[in-house]
Amino acid sequence: MSDIYLQTDQDLPAIESLMAEAFGPQRHGRSVWALRPGPPVTSLCLVIREGATTIGSLRFWEVMLGSQIILLLGPLAVRPELRGRGVGRALISEALDRATGGDWPLVLVSGEVDYYPRFGFVPAAPYGLDWPGFIEPERLQFFELQEGALAALPAGPLAVRPLPG
Ligand SMILES: CC(C)(COP(=O)(O)OP(=O)(O)OC[C@H]1O[C@@H](n2cnc3c(N)ncnc32)[C@H](O)[C@@H]1OP(=O)(O)O)[C@@H](O)C(=O)NCCC(=O)NCCS
């Protein structure tokens, strides 16, 4: 059975190859990648390994929604030949558990419309999110880490979180 770990530097080559397989060479040109110029949230960078092989990766970045810092989920990718075995589900469930109780009120994802609702994500479209750049609005989905966060959604656009200092 495979196990979940915090990502280490040794996972980085495998993660790059997972990203290339899943999202292709044009991935860095997509608007979601522009929201992640800095480092990810290390406490939420998870991998699943089978033996010494990294077979799945999930990372999060902090982004600004108006004046509030929220989490942007992704990228998430699983080795193509190992999809459909619960690897993605295990990574997301573990990460949402770890993120709950922190300072973040919300998680936002730009992802598969049929995949994220099973974890409790809801469409972001009704909230009129101001996303920077091109996006298919139906892919945007929110998950509440703090009850009532969506009802108190701050005004303002989604933007890169400036690096501290
Ligand atoms: C999307 C992805 C991460 C799913 O990982 P996975 O390990 O295959 O998913 P799981 O096995 O945990 O699937 C859990 C459930 O979701 C379903 N599911 C899997 N991929 C799905 C998709 N793209 N759309 C809708 N449902 C999906 C599975 O059938 C399973 O359903 P079940 O619980 O009823 O059996 C994987 O297919 C992948 O790496 N895709 C390419 C990259 C990508 O699209 N990433 C997500 C965008 S951010």
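Ligands are counted one by one from 1 in listed order, and the atoms in each one are counted from 1 as well. No experiment lies behind these values; they were computed from the predicted model shown.
Under the side-chain hydrogen bond (donor to acceptor under 3.5 Å, both in side chains) criterion, Arg139 pairs with no residue at all, not counting sequence neighbours. Residues forming a salt bridge (charged side-chain N to carboxylate O under 4.0 Å, His left out) with Arg36 (at least two apart in sequence, or on another chain): none. Residues forming a side-chain contact (heavy atoms from CB on, under 4.5 Å) with Arg27 (at least two apart in sequence, or on another chain): Glu16, Met19, Ala20, Phe23, Trp33.
Applying the side-chain contact (heavy atoms from CB on, under 4.5 Å) test between Leu106 and each of Leu145, Ile70, Leu72 identifies Ile70 as the sole match.
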Note down each nitrogen or oxygen pair, ligand 1 side and protein side, whose separation is under 3.5 Å; give only atom names and the distance to 0.1 Å.
{"from": "ligand 1", "atom 1": "7 (O)", "to": "Val87", "atom 2": "N", "distance (Å)": "3.4"}
{"from": "ligand 1", "atom 1": "7 (O)", "to": "Gly88", "atom 2": "N", "distance (Å)": "2.8"}
{"from": "ligand 1", "atom 1": "8 (O)", "to": "Gly84", "atom 2": "N", "distance (Å)": "2.7"}
{"from": "ligand 1", "atom 1": "9 (O)", "to": "Tyr115", "atom 2": "OH", "distance (Å)": "3.3"}
{"from": "ligand 1", "atom 1": "11 (O)", "to": "Gly84", "atom 2": "N", "distance (Å)": "3.4"}
{"from": "ligand 1", "atom 1": "11 (O)", "to": "Arg85", "atom 2": "N", "distance (Å)": "3.2"}
{"from": "ligand 1", "atom 1": "11 (O)", "to": "Gly86", "atom 2": "N", "distance (Å)": "2.7"}
{"from": "ligand 1", "atom 1": "12 (O)", "to": "Gly88", "atom 2": "N", "distance (Å)": "3.4"}
{"from": "ligand 1", "atom 1": "12 (O)", "to": "Arg89", "atom 2": "N", "distance (Å)": "2.7"}
{"from": "ligand 1", "atom 1": "12 (O)", "to": "Tyr115", "atom 2": "OH", "distance (Å)": "3.4"}
{"from": "ligand 1", "atom 1": "16 (O)", "to": "Arg118", "atom 2": "NE", "distance (Å)": "3.4"}
{"from": "ligand 1", "atom 1": "16 (O)", "to": "Arg118", "atom 2": "NH1", "distance (Å)": "3.2"}
{"from": "ligand 1", "atom 1": "16 (O)", "to": "Arg118", "atom 2": "NH2", "distance (Å)": "3.4"}
{"from": "ligand 1", "atom 1": "26 (N)", "to": "Arg118", "atom 2": "NH2", "distance (Å)": "3.2"}
{"from": "ligand 1", "atom 1": "31 (O)", "to": "Arg118", "atom 2": "NH1", "distance (Å)": "3.1"}
{"from": "ligand 1", "atom 1": "33 (O)", "to": "Arg89", "atom 2": "NH2", "distance (Å)": "2.4"}
{"from": "ligand 1", "atom 1": "39 (O)", "to": "Val78", "atom 2": "N", "distance (Å)": "2.9"}
{"from": "ligand 1", "atom 1": "39 (O)", "to": "Arg83", "atom 2": "NE", "distance (Å)": "3.3"}
{"from": "ligand 1", "atom 1": "45 (N)", "to": "Leu76", "atom 2": "O", "distance (Å)": "2.9"}

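For Thr8 (side chain) and Gln10 (main-chain N/O), a donor-acceptor pair under 3.5 Å exists by modelled atom type.
Contact check for Trp104 versus Gln68: no side-chain heavy atoms found under the 4.5 Å cut-off.
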